[in-house]
Amino acid sequence: MPKRNDLEQKALHYVVGTGYQGVLQSDLWRELGASSREGSRVSIKLEEKGLIRREKELQEGRWTYRLYPKRLPASIETIVDCPCLLCPDNARCDPTTALSPKSCPKLTDWILNLGKEAPVAPEGPSAPAPEPSIQEDDSVAERLDPR
Ligand code: SF4
């Protein structure tokens, strides 16, 4: 069995790699070869450290968690439409002069519109959700580590 810190690192790396889609807790532990009990403890630790977000989700009649990264690494796609990249005034633009990023309307507009085109999660099936079973995927771990 891997050490807990190793498992935390691997789990965090995997969750970050899933981006906005996130990953079901059970799928993550299967991928990492960890037990459900150990996996639940690690995900709780990562959430307590503010590194991931856990959202309860009903899967095949059982409650589990979907894990999302709290922060995603920056990518070139996030700045590809920044107005500064093709700005004709770029060479003269300086925060200590009148032509400054501090007062640039183009840059301000771009910043204010960041995130407005974030991907939207696809709609689920229109069929009603099944009744959840009493047993929950993470019930054992949560009894061991109540919050
Ligand atoms: S802050 Fe404005 S003026 Fe300066 S480089 Fe960017 S777009 Fe151009």
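Indexing begins at 1, ligand by ligand and atom by atom, following the structure's order.
No side-chain heavy atom of Tyr65 sits under 4.5 Å from any side-chain heavy atom of Glu55.
In this structure, the side chain to side chain contact (heavy atoms under 4.5 Å, CB included) partners of Leu51, at least two apart in sequence or on a different chain, are Leu12, Leu46, Lys49.
Listed by chain and number, the protein N, O or S atoms at a distance under 2.8 Å from atom 2 (Fe) of ligand 1 are Cys104 SG.
Here CZ of Arg71 is found 14.0 Å from CZ of Arg53. Values are rounded to the nearest 0.5 Å.
Within the structure, the salt bridge (charged side-chain N to carboxylate O under 4.0 Å, His left out) test picks out no pair touching residues 96-110 (sequence neighbours left out).
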With a cut-off of 3.5 Å and sequence neighbours excluded, list every side-chain donor-acceptor pair involving residues 84-95.
{"unit_1": "Asp89", "atom_1": "OD1", "unit_2": "Arg92", "atom_2": "NH2", "d": "2.7"}
{"unit_1": "Asn90", "atom_1": "ND2", "unit_2": "Cys84", "atom_2": "O", "d": "2.6"}
{"unit_1": "Asp94", "atom_1": "OD1", "unit_2": "Thr96", "atom_2": "N", "d": "2.7"}
{"unit_1": "Asp94", "atom_1": "OD1", "unit_2": "Thr96", "atom_2": "OG1", "d": "2.7"}

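A donor-acceptor contact closer than 3.5 angstrom links the side chains of Gln25 and Ser43.
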